[in-house]
Chemist: 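Mind having a look at this structure? Questions to follow.
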Amino acid sequence: MRLPYWFPFASCCLGLTLLAPIVVSVGCSASKPESEPEAAEAASAPNQPRTTDAPRSTETTPPPKKRTLAHSKKASPRVDSSASRSATDKREPASSGRLPMLGESSPQTPSESTRPETPAPSRVGVLPSFDEGRLAQAGIRKIVGEHLTLYTDLPSAPAIEELPKVFDKAVLQWCDYFGIDRRQVAGWRITGSLMNDKARFAATGLLPPSLPEFENGYQLGWQLWCYEKPSDYYRRHLLLHEGVHAFMNHFLGGAGPPWYMEGMAEMLALHRWKDGRLTVGILPPANQDVWLWGRIKIIREDVARGKWMPLSRVFQYGPTAHRQVSAYAYAWAACLFLSHHPRYQSAFEKLKTHVQDPNAFVEAVSMSFPSDDGELAEDWQVFLQEVDYQLDFEATIVRRDPGNSLNRDRSSYLLDPRAGWQSTGISVEVGKTYRVESRGMLRIRPGDPDWTTEADGITIHYYRGRPLGMLLYAVRPASLSAESLSPLLDPRPLGSQAILKPAHDGVLYVRINEAARELHDNDGKMEVHVEGGTPSLPQASSP
């Protein structure tokens, strides 16, 4: 949790000389760990003073070691001039092309797209100095990287010694994401503390008494702090999460409002680290790959209870919202959704230019993502319903088309078996009866043997209470209010043939009953034929 984003941004300091010392405090906390891949993915509350503790995992069984990625989808003190911030499927994941990620780049090659004619001066800070002898006596040692000097009381181990190297690689990818020339980070470094015994760091001055209480991570000025966690992945995640905050505040001049600052930190701290290669900004391929992170389970459980958070309310998160761990989950989901959806990603990309000005940021969000946009609300609802590991983001996108009322005896639509909800372009009307037939065969799981099905689905395997591969439908009105639930959240079985009597006017939408993360390998041909449109006969009343 960080201080509120509406603290003075002091944007004018971007033009000051390096002789102007500025102090801005920033900090946050990530979730408390989950316990088992298929059990609780509990997370903790953030790190501002709190009245109640966040839920804690009651499970103690550690994961197998093979599940961690590490072993295994300002010459003068010129500091941040921005606002402060608040603190299992075994199948192969979808092609990475469906979910853009930041890839590892060569440290020697500056970003061509952002390289200026004359390199900008590097932002070098004056790091706090500590009595190295006193630290050594207290059992605290130092690991030095290019951008991170890390103090820790943990014993030497490969997963600990490599942390500055991981951080250095992440900095380069954050540069690429935000359009910062890599040469600008030359000489930029911060001090980190990875703590097992809090008292040691407090006694030696590495943990100032002025900091608020926090349970996971915190960042202030040129320093960050993280508590040790029983997961190689989650330890790295906390370190990178705090690093994103420091990077944004320093090189962008701010981090934006709570939902954006925490969502971006979560999104750009999610990573894959394997064989010395780092990729940040991933969508987790499996729970064990992001051990103890726990955000996806929070959303899935909320959706199952019908208690999910509307996007407009995520935008309204205040400075204390992240005392609840669910705020981290929804902030991450909002940034992931807006940055990957083709309808919104361009506007989302521009938000980084407004992080120094809270009023401009709010106005940009209001203009680009208005609270009364029914399609935006529906897109968010459908996305949340599909959030999962190995997610094929493209399959969560609603394919809309205007309806065309039946003007002949028959109308047809060729289904895309790899897409999620898709419009048939066929309008249906309340009070009329339609006959719908679906013909064809789909391969929904390649293998030996392949799983193939007609529109009635495979009854030996069920998904969301219906046969896997069954053809589903929904009638979507021409327009939806932002407050209404999309009919796409409550689909009905269509199968090989059905008599359709719409409860309201709208367009016929169809999809295969299968998780969005599994649609990418489907193949085959299936046509949906609709005929009729005759007035429905009134049903006789019971005697």
Side-chain angles (χ1 to χ4, degrees), residues 295-315 326 329-330 333-334 336-338 340-341 343-344 369-389 391-401 403 415-428 430 436 455 457 462-495 498 500-519 528:
R295 309 302 194 235
I296 288 177
K297 187 171 188 289
I298 291 172
I299 294 174
R300 286 166 58 185
E301 289 182 344
D302 283 357
V303 169
R305 293 193 298 262
K307 300 295 185 181
W308 48 270
M309 182 72 68
L311 185 61
S312 58
R313 288 183 59 190
V314 176
F315 291 159
S326 62
Y330 284 102
L336 177 69
F337 167 70
L338 295 173
H340 287 78
H341 198 294
R343 185 178 177 222
Y344 313 112
F369 317 115
S371 59
D372 60 352
D373 187 338
E375 289 191 0
L376 171 62
E378 180 181 52
D379 288 336
W380 172 249
Q381 293 171 21
V382 173
F383 168 72
L384 289 183
Q385 193 174 54
E386 298 292 349
V387 164
D388 207 344
Y389 298 99
L391 181 63
D392 179 356
F393 190 91
E394 208 171 285
T396 72
I397 298 172
V398 179
R399 295 189 181 182
R400 299 185 180 91
D401 258 330
L415 176 80
D416 183 349
R418 299 189 178 192
W421 281 111
Q422 50 200 286
S423 169
T424 64
I426 302 171
S427 290
V428 293
V430 65
V436 184
Y462 280 67
Y463 175 68
R464 290 181 175 171
R466 294 190 174 102
L468 182 70
M470 171 177 274
L471 187 63
L472 306 178
Y473 83 94
V475 176
R476 182 186 180 277
S479 62
L480 290 171
S481 71
E483 292 76 26
S484 61
L485 288 178
S486 170
L488 306 182
L489 301 185
D490 185 25
R492 304 303 169 91
L494 194 59
L500 177 61
K501 296 181 179 181
H504 54 263
D505 296 347
V507 178
L508 182 66
Y509 278 67
V510 293
R511 68 162 294 162
I512 293 297
N513 182 41
E514 188 176 25
R517 68 180 183 177
E518 297 176 345
L519 291 170
V528 181

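Residue indices begin at 1 and follow the sequence shown.
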Chemist: Between Pro491 and Arg464, is there a side-chain heavy-atom distance shorter than 4.5 Å?
Modeler: no
Chemist: Any chance you could measure Ile512, atom CD1, to Leu471, atom CG, to the nearest 0.5 Å?
Modeler: 5.5 Å
Chemist: Check Leu336 against His340 and note the closest heavy-atom contact, atom names and distance.
Modeler: O-ND1, 2.9 Å
Chemist: Side chains of Val507 and Asp401: does their closest heavy-atom pair fall under 4.5 Å?
Modeler: no
Chemist: Pairs in or reaching into residues 478-488: which pass side chain to side chain donor-acceptor pair (under 3.5 Å), with residues at least two apart or in two chains?
Modeler: Glu378-Ser486, Ser481-Ser484
Chemist: Report yes if the side chains of Thr396 and Phe337 come closer than 4.5 Å at any heavy-atom pair, otherwise no.
Modeler: no
Chemist: Atom CH2 in Trp421, atom CZ in Arg476: separation rounded to 0.5 Å?
Modeler: 12.0 Å
Chemist: Out of curiosity, Leu384 CG to Glu386 CD, how far, rounded to the nearest 0.5 Å?
Modeler: 10.5 Å
Chemist: Measuring from atom OH of Tyr473 to atom OG1 of Thr424, what distance do you get when rounded to the nearest 0.5 angstrom?
Modeler: 12.0 Å
Chemist: So do the side chains of Leu500 and Leu508 get within less than 4.5 Å of each other, counting heavy atoms only?
Modeler: yes
Chemist: Measure the spacing between CG of Asp388 and NZ of Lys297 and express it to the nearest 0.5 Å.
Modeler: 12.0 Å
Chemist: So do Leu519 and Arg511 actually touch side chain to side chain, heavy atoms under 4.5 Å?
Modeler: yes
Chemist: What distance do Leu391 atom CG and Arg517 atom CZ have between them, rounded to the nearest 0.5 Å?
Modeler: 9.0 Å
Chemist: Got Pro487 and Leu480 here, is their nearest side-chain heavy-atom distance under 4.5 Å?
Modeler: yes
Chemist: Is the closest basic N to carboxylate O distance between Asp416 and Arg399 below 4.0 Å?
Modeler: yes
Chemist: More than 12 heavy atoms of other residues, nucleotides or ligands under 6.0 Å from CZ of Arg313: is that the case?
Modeler: no
Chemist: Check the orientation of Phe393 and His341. Use parallel for under 30°, tilted for 30 to 60°, and perpendicular for over 60°.
Modeler: perpendicular
Chemist: For a quick test of reading the model, state the closest non-hydrogen atom pair linking Ile299 to Ala333 and the distance between them.
Modeler: CD1-CB, 3.7 Å
Chemist: Determine the interplanar angle of the Tyr330 and Trp380 rings, folded into 0 to 90°, and report it as parallel if under 30°, tilted if 30 to 60°, perpendicular if over 60°.
Modeler: tilted
Chemist: Looking at side-chain heavy atoms only, is the closest gap between Trp308 and Gln385 below 4.5 Å?
Modeler: no
Chemist: Is Val398 close to Arg343 at the side-chain level, that is, under 4.5 Å between some pair of heavy atoms?
Modeler: no
Chemist: Which heavy atom in Leu488 sits nearest to a heavy atom in Ala474, and how many Å separate them?
Modeler: CD2-CB, 3.8 Å
Chemist: Using atom types as modelled and distance alone, determine if a side-chain donor or acceptor of Asn513 lies under 3.5 Å from a backbone N or O of Pro467.
Modeler: yes
Chemist: Looking at every heavy atom in both Ala503 and Val430, which two are closest together, and how far apart are they?
Modeler: O-CG2, 3.5 Å
